Colleague: 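My questions all concern the structure below.
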Amino acid sequence: MEKVQPRTLSGFMELLPNEQILFNQMKETIQKTYERYGFLPLDTPIIESAEVLLAKAGGETEKQMYRFKKGDADLALRFDLTVPLAKYVAKNYGNLSFPFRRYQIGKVYRGERAQKGRYREFYQCDIDVIGDGELDLINDAEMPSIIYSLIKELGFDDFTIKINNRKILNGLFEGLNQKENSTEILRVIDKLEKIGKDAVVEELKKLDVKEEQIKAIMDFIEIEGTSNEKLEKLENLGINNETYQKGVEELKSVINNVRLFGVPEENFQVDLTIARGLDYYTGTVYETFLNNYRELGSVCSGGRYENLAEYYTDKKLPGVGISIGLTRLFYKLNELNIIKAEKKSISDILIIPITEDLKEPIKLATELRKIGINTEVYLNNKKLKAKFKYADKLEIPYVIVIGDDEIKAKKIKLKNMKSGEEKEVNMDAEEIVKYIQ
RNA sequence: GUGAGUAUAGCGUAGCUGGUUAACGCGCCAGUUUGUGGCACUGGAGACCCUGGGUUCGAAUCCCAGUACUCACCCCA
């Protein structure tokens with residue numbers, strides 16, 4: 001029979017068991033951290049009506065969205081988790097308590113060309129706080145504290161959460177009469193670290209920004225110093241634009257409150273070049289960098305938006321949120337050998353029966369599972385040697401052999417696969433647990 | 001969407017100045033060791049060399065097309 005080539009589409013991540021175990025651990029760490037801050041779980045469909053998902057879309061988003069017909073229905077795969085959240089909040093407005101704090105961890109889809117660390121299907125891990133009508137600025141200051149806990153929990157100490165406010169840049173552009181160009185200019189500024197100062201100037205020239213305006217922009221983003229020094233310089237720049245001043249005020253307040261939430265000074269800073277690609281942010285924006293691995297780019301980003309669900313409801317729903325691209329993060333950490341997929345099995349014990357009667361082995365396995373020990377029974381009729389080899393290959397730490405002798409004596413030998421030692425123990429789950437680490 | 005590269009056992013690769021049994025490592029199976037894995041040795045299975053066409057006495061090897069994948073740009077997580 002002719003076989004179909006077993007293949008996985010470009011841009012779709014598929015892992016081996018040892019990698020998947022590690023991936024799941026990271027996912028669980030993120031979930032636990034989000035829950036510790038009181039965020040509620042949410043799961044929305046991967047497929048939604050194209051009309052819903054494309055309500056506000058345009059340009060790149062629309063081009064990259066997977067869209068298809070099923071019968072007469074015009075459907076699409078979700079592009080991110082924010083749009084489904086907007087729909088959800090608008091739809092369930094009456095049944096939710098505000099401020100609504102939710103987390104969502106799920107796959108999203110983007111039909112673009114895959115490349116290193118860029119996938120067509122990937123996990124996003126989002127949290128957002130949505131206010132009804134308004135949302136106090138202090139929520140913007142809580143986000144960095146959550147990022148701080150999260151990155152710590154993921155095992156990193158040396159990282160910096162960079163904080164900025166879009167109003168500052170937008171106000172600056174307004175003052176320079178570059179409002180129409182602001183999105184393009186922001187994109188260019190965002191590339192500063194990647195392409196360098198001179199290239200940024202070149203790019204700005206291409207956007208027809210005038211010489212003295214370029215100078216003003218460059219002078220601005222090159223403001224140096226500690227967070228407090230930067231804030232002071234921003235205030236003393238003599239820019240009278242209202243949006244700008246509001247931005248500086250907000251940023252100052254957020255920075256002060258981030259301290260209140262206990263984020264150590266070395267883990268956050270004002271960075272005026274953080275602009276984020278997404279243009280729906282309207283205030284505070286965050287990016288997080290691992291200082292020893294700057295090449296990873298931001299590992300956790302987010303920001304404040306004025307009106308989450310304007311395309312679905314007249315209710316004004318401002319929010320602030322952050323997102324981790326787990327698939328990319330995992331891929332890159334793995335590639336750089338920062339994390340290692342070592343566990344090949346999640347079993348603590350493999351029970352190897354060498355008797356026709358499986359009653360006792362299964363009974364023991366059930367008892368062990370009841371007290372929380374991951375237990376697997378080898379259920380194939382192979383030679384004993386092959387059964388041990390299986391435990392060895394999967395690096396299952398303990399093996400129990402149960403044959404007729406053991407059943408008769410009600411004693412088993414618990415073998416530590418790493419040391420090779422065997423210990424005779426009563427055939428009793430509670431007893432056995434005492435000898436495993 | 002634009003540009004470049006790659007395609008050979010399950011995996012990673014060699015072979016690519018065309019020459020008849022396509023090689024190596026890992027993995028897999030079996031044995032040395034019939035209630036004990038790792039190590040070692042011995043043996044074995046496994047490949048329409050991406051697909052289609054062309055050049056040639058002869059193609060994994062050269063040419064063309066298609067497809068897939070990878071990388072970069074764009075954009076982004």
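Convention: sequence-line order gives letters A, B, ...; per-chain numbering from 1. Only heavy atoms go into these numbers, but all of them, side chains included; no hydrogens, no water, no symmetry mates. Remember, predicted model here, so these are calculated numbers, not experimental data.
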Colleague: A:Y331 OH to B:U70 C1': how many Å, rounded?
Modeller: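 After rounding, the gap between these two atoms is 10 Å.
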
Colleague: Contact class for A:L329 (heavy atom, under 4.0 Å): base, sugar-phosphate, or nothing?
Modeller: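 The answer is nothing, as A:L329 stays clear of every strand by at least 4.0 Å.
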
Colleague: For side-chain hydrogen bond (donor to acceptor under 3.5 Å, both in side chains), just list the numbers for A:E421 and A:N416, CA-CA rounded to whole Å, side-chain angles, deciding distance to a tenth of an Å, and then say yes or no.
Modeller: CA-CA 5 Å; A:E421 282 170 55; A:N416 180 326; over 6 Å; no

Colleague: For the side chain of A:S10, starting at C-beta, report the closest nucleotide among B:A77, B:A72, B:U70.
Modeller: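 Nearest nucleotide to the side chain: B:U70.
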
Colleague: Need one value for A:G297: base, sugar-phosphate or nothing, where a base atom within 4.0 Å counts as base even if backbone is also close, heavy atoms only.
Modeller: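 Nothing, no heavy atom under 4.0 Å.
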
Colleague: How about A:K344 and A:K393: do any of their side-chain heavy atoms sit closer than 4.5 Å?
Modeller: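 A side-chain contact is absent here, since even the closest heavy-atom pair is not under 4.5 Å.
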
Colleague: Distance check, P atoms only: B:C28 and B:G66, in whole angstrom units.
Modeller: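 The same atom, P, in both gives a distance of 41 Å.
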
Colleague: Find the distance A:R113:CZ to B:A4:P and express it as a whole number of Å.
Modeller: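 Checked: the CZ to P distance equals 12 Å.
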
Colleague: Could you verify whether a donor N or O on one side chain and an acceptor N or O on the other, from A:E174 and A:Y244, lie under 3.5 Å apart?
Modeller: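 A:E174 vs A:Y244: no donor-acceptor pair found between side chains.
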
Colleague: Tell me: CZ of A:R110 to C1' of B:C75, nearest whole Å?
Modeller: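 Going from A:R110 (CZ) to B:C75 (C1'), I get 10 Å.
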
Colleague: For the P atoms, the ones on B:G27 and on B:C41, what distance do you get once it is rounded to whole angstrom?
Modeller: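 Here B:G27 and B:C41 have their P atoms 12 Å from each other.
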
Colleague: Taking atom types as modelled and ignoring hydrogens, do the side chains of A:T44 and A:Q104 form a donor-acceptor contact shorter than 3.5 angstrom?
Modeller: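 Indeed, the side chains of A:T44 and A:Q104 share at least one donor-acceptor pair under 3.5 Å.
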
Colleague: Apply the test side-chain hydrogen bond (donor to acceptor under 3.5 Å, both in side chains) to residues A:N170 and A:T243: give CA-CA distance (whole Å), side-chain angles for both, the deciding distance (0.1 Å), then the verdict.
Modeller: CA-CA 7 Å; A:N170 284 335; A:T243 311; over 6 Å; no

Colleague: How close do A:L333 and A:F156 get, heavy atom to heavy atom, and via which atoms?
Modeller: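 Smallest heavy-atom distance, with atoms named: CD2-CZ, 3.7 Å.
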
Colleague: Can you tell me, in whole Å, how much space there is between the C1' of B:U56 and that of B:U61?
Modeller: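 Rounded to whole Å, the distance is 13 Å.
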
Colleague: Got A:T375 and A:L350 here, is their nearest side-chain heavy-atom distance under 4.5 Å?
Modeller: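 A side-chain contact is absent here, since even the closest heavy-atom pair is not under 4.5 Å.
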
Colleague: With rounding to whole Å, what would you report as the distance between B:G53 and B:C11 at their C1' atoms?
Modeller: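 Here B:G53 and B:C11 have their C1' atoms 31 Å from each other.
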
Colleague: From CZ of A:R120 over to C1' of B:A68, roughly how many Å is that when rounded to an integer?
Modeller: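 So the two atoms are 11 Å apart, to the nearest Å.
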
Colleague: Closer than 4.0 Å, any side-chain N/O of A:R187 to the OP1 or OP2 of B:C76?
Modeller: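 Looking at the OP1 and OP2 atoms of B:C76, one of them is under 4.0 Å from a side-chain N or O of A:R187.
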
Colleague: Between B:A77 and A:S301, is there an OP1 or OP2 to side-chain N/O distance shorter than 4.0 Å?
Modeller: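 Looking at the OP1 and OP2 atoms of B:A77, neither is under 4.0 Å from any side-chain N or O of A:S301.
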
Colleague: Find the distance A:E335:CD to B:U70:P and express it as a whole number of Å.
Modeller: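 Taking CD of A:E335 and P of B:U70, I get 13 Å after rounding.
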
Colleague: Would you indicate, yes or no, if B:C73 has its OP1 or OP2 atom less than 4.0 angstrom from a side-chain nitrogen or oxygen of A:K116?
Modeller: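 Checking A:K116 against B:C73: no side-chain N or O falls below 4.0 Å of OP1 or OP2.
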
Colleague: What is the separation between atom OH on A:Y119 and atom P on B:C69, rounded to the nearest whole Å?
Modeller: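 Between P of B:C69 and OH of A:Y119: 14 Å.
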
Colleague: Taking for each residue the nucleotide of RNA chain B bearing the nearest heavy atom, is the 5' side occupied by A:Y123 or by A:Q5?
Modeller: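 Its nearest nucleotide being more 5', the pick is A:Q5.
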
Colleague: Whole-Å distance between B:A77 P and A:M65 CE?
Modeller: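 Whole-Å distance recorded here is 13 Å.
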
Colleague: Are the side chains of A:K413 and A:V401 in contact, using a 4.5 Å heavy-atom criterion?
Modeller: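 A side-chain contact is absent here, since even the closest heavy-atom pair is not under 4.5 Å.
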
Colleague: Assign A:E112 to base, sugar-phosphate, or nothing according to its heavy-atom contacts below 4.0 angstrom with the strands shown.
Modeller: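 Base contact.
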
Colleague: For atom P, what is the distance between B:C73 and B:C29, given to the nearest Å?
Modeller: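 B:C73 and B:C29 have their P atoms separated by 44 Å.
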
Colleague: Given that A:G11 and A:E121 both sit by RNA chain B, which one's nearest nucleotide is further toward the 5' end?
Modeller: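 Nearest-nucleotide comparison on RNA chain B picks A:G11.
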
Colleague: Is the NZ or CZ atom of A:R110 both under 6.0 Å from the centre of the six-membered ring of A:F79 and within 45° of that ring's axis?
Modeller: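 The answer is yes; both the distance and angle limits are met.
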
Colleague: If only atom types and distance count, is the side chain of A:N292 paired as donor or acceptor with the main-chain N or O of A:D158 below 3.5 Å?
Modeller: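 Not at all, since once roles are kept as given, no pair shorter than 3.5 Å links the two residues.
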
Colleague: Got a donor-acceptor pair under 3.5 Å from the side chain of A:R328 to the base of B:C76?
Modeller: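 Such a pair is found, so the answer is yes.
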
Colleague: Are any of A:Q115's side-chain N or O atoms less than 4.0 Å away from OP1 or OP2 of B:A72?
Modeller: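 Looking at the OP1 and OP2 atoms of B:A72, one of them is under 4.0 Å from a side-chain N or O of A:Q115.
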
Colleague: With rounding to the closest Å, how many angstrom separate the C1' atoms on B:U34 and B:A30?
Modeller: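 These two C1' atoms come out 14 Å apart once rounded.
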
Colleague: Given Watson-Crick or G-U pairs with both distances under 3.5 Å, what dot-bracket string fits RNA chain B, with | for other-strand pairs and [ ] for crossing?
Modeller: (((((((..((((.....[...)))).(((((.......))))).....(((((..]....))))))))))))....

Colleague: Regarding A:R166 and the six-membered ring of A:Y281, is the cationic atom NZ or CZ under 6.0 Å from the ring centre and inside 45° of its axis?
Modeller: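 No, A:R166 and A:Y281 do not form such a contact.
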
Colleague: Could you run down nucleotides 31-41 of chain B 5' to 3' and tag each one B, S or - for protein heavy-atom contact under 4.0 Å?
Modeller: SBB-BBBB---

Colleague: What is the separation between atom CD on A:E184 and atom P on B:C75, rounded to the nearest whole Å?
Modeller: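 That distance rounds to 10 Å.
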
Colleague: Please give the distance between the C1' atoms of B:U21 and B:G10 as a whole number of Å.
Modeller: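 So the two C1' atoms sit 23 Å from each other.
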
Colleague: Using the C1' atom as the point on both nucleotides, what is the distance between B:A59 and B:G46, in whole Å?
Modeller: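 After rounding to an integer number of Å, I get 24 Å for this pair.
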
